[in-house]
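What follows is a single structure, written as structure tokens, with notes after it.
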Amino acid sequence: MEPLYKPEGVEERWQRAWEEEGLYRAGAGARRDETFVICVPPPNVTGALHMGHALNGSLQDVLIRWHRMRGFDTLWQPGYDHAGIATQNVVEKALAREGSSRKELGRDAFVERVWHHLEETGRTIMGQFRSLGASLDYERERFTMDDAYIEAVMRFFVHLWERGWLYRANRIVNWCPFHETAISDLEVVHEEMDDALTYARYPFADGEGGITIATARPATILADVGVAVHPGDERYRESVGREVVVPFVARRVPVITDERVDPEFGTGALKITPGHDVKDFDIGRDHGLRTITVIGPDGSMNEHAGELAGLTQAEADERILGWLKERGQLERRESYRHAVGTCERCHARIEPLVSLQWWCAMEEPRKPALTALRERRVRYHPESQHAFAIRSLEEIPDWNISRQLWWGHQLPIWYCPDGHATCDWPAPDACAECGSAELERDPDVLDTWFSSALWPYATLGWPEQPPELERYYPGDVNSTAREIIRLWENRMIWSGLELMGDVPFTDVVIHSTILATDGRRMSKSLGNGVDPLELIEKHGADATRYGLLKMSSTQDVRFAEGALEEGRKLANKLWNVSRLLLQQRIEPVVRPTAVEERWILARLDATRAEIEQAWSQFEFSQSMQALYRITFDDF
Ligand SMILES: [Zn+2]
Ligand SMILES: [Zn+2]
């Protein structure tokens, strides 16, 4: 044996051997009837292993191996998410490089192209999990676009429909004008931008004077339906209840009061544009104001913009500013730096847009989940995240489940020429209301998180009832990043209670976020990320796992390579201990009598107890320290 441990070669060989011997299979080596189940959070099918995966994979593997060693029937479920917009974006970019586009290709050819792309370059992370030493049951890999999984998604949708929780309505959503789809809050990134704030005067309809408002988006003036001021704002006491005339369109609109107006912003008078602003949408609805939309799905001015129809927003801004200036209603413009929502994938400016979308009412389905969390049948760790998860359910808005994409699960909704909607699966032959056989399927696909909400039981074969489903559901632990508590964790909990009658797991570990050495979040655009595969190559998987777990003491930690070097030292020491024993052919003694032998065995027992205690509370950093101490300080 070499005096210095070289992980390269050794790790890979054993990883392969153990997998080939079937040691990672569900139930392998089980000596007791109890099960222990974790589903890996399904990574994007086009993604690559990042630091979050590496840390999360390490701690799940600790829990899985710990239970497997104690004889539990253990399942660690692998698989991938189809990641609707992310995957569609990768393929659209490839098409753009070829001078083509999704629209040019048409829907069917585009979807085929996505499958082709995935065959070529997709599904790489499970291979990278192997390099990390993760003992997943790789033979059970699932994909949210597998036929059986699609079946589960359709059945879930029809179930919600039959419960009466699905409805279609015009609501304001985050709209990406490049992708031409609604996107979730998580996919919106806020970036600081320099804009101009325009101060425009709206004259009173019944005489002298007027009110000046401030806006960063003059083009939306065309969709104004009111002006609102804070009820306590003395400056406007005389104006409330009167009408003003909206510039350019000469629309008479009321001056109203609302608590949600910030009197500190601009002049304290807010133009109300329910069609193009989230807060205005709420205010408009509560005051019974109508909604006008002047910007279309592609971000340019639509047919309701009158003579400005077809212009870009920037062009429309110029026309309106010119109009205001000519009439002396442009008071001033000043530079204005503010946070603007942009699309995470294409960086287009997000349009808050009112559009017809499918929604899942959350009032009913959240109730059993709230009870389960309050009764601690599911516990989030650390405790602060448990409180956050409860609060998220208490304040949960209805869920926008439709996306205007092509890659994903198309809604099982069909329309007849009279506009009746029929929801069924498999596809219906006739309209449920009028019997018409002329049916057209809704073109929208479901939010990606709709299918991941089913992950814990759809991966086990639901809606079929195979024996694995009964054996391995409910599972035990789920571990994830804190950003997806609302998007994923809570949804698995309520959907599991609804369809399976039980919570999908009892413990949710919200793991640390490993920040870059400069204390900022690791990101591609900042170039401050650390590639876990490079770390594995440099230090070995054991040392990498040790280092990541050692770092993960609190919710936000800075990356420190020293922890991995410590892990490497530890691996080397253990290697040398083994080398010593093997070379000297030391026979194990069953009942040692020497004082120092009995002492080290007692230390070993105490350390094992300490480590097990830490793991049972999902404290990984502490357990690594204990391991290091016994190896270096005691032995
Ligand atoms: Zn986009
Ligand atoms: Zn019909």
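Note: hydrogens, waters and symmetry copies are ignored here, and every other heavy atom, side chains too, is used. Quick note: residue numbers are just sequence positions, from 1. Remember, predicted model here, so these are calculated numbers, not experimental data. Whatever order the structure lists ligands and atoms in, that order sets their numbers, starting from 1.
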### Message
For Trp359, does the six-membered ring have the charged nitrogen or CZ of Arg168 within the cation-pi criterion, i.e. under 6.0 angstrom from the centroid and within 45° of the normal?
### Response
no
### Task
State whether the number of non-hydrogen atoms from other residues, nucleotides or ligands found under 6.0 Å of His338 atom NE2 is greater than 12.
yes
### Message
Working to the nearest 0.5 angstrom, can you tell me the gap between Met126 CE and Leu132 CG?
### Response
11.5 Å
### Message
Check for me: within less than 2.8 Å of the Zn ion (ligand 2), which protein N/O/S atoms show up?
### Response
Cys416 SG, His420 ND1, Cys431 SG, Cys434 SG
### Query
Is atom CD of Glu438 surrounded by more than 12 heavy atoms (other residues, nucleotides or ligands) closer than 6.0 Å?
no
### Query
On the ring face of Trp399, is Arg491 found with NZ or CZ under 6.0 Å from the centre and within 45° of the axis?
yes
### Task
Decide, counting backbone as well as side-chain atoms, whether His347 has an N, O or S atom less than 2.8 Å from the Zn ion (ligand 1).
no
### Query
Is the charged tip of Arg171 near the ring of Phe281: under 6.0 Å from the six-membered ring centre and within 45° of its axis?
no
### Query
How is the N/O/S atom of His179 that comes nearest to the Zn ion (ligand 1) named?
ND1
### Message
Can you confirm whether or not the ring centre of Phe110 sits under 6.0 Å from the ring centre of Trp407?
### Response
no
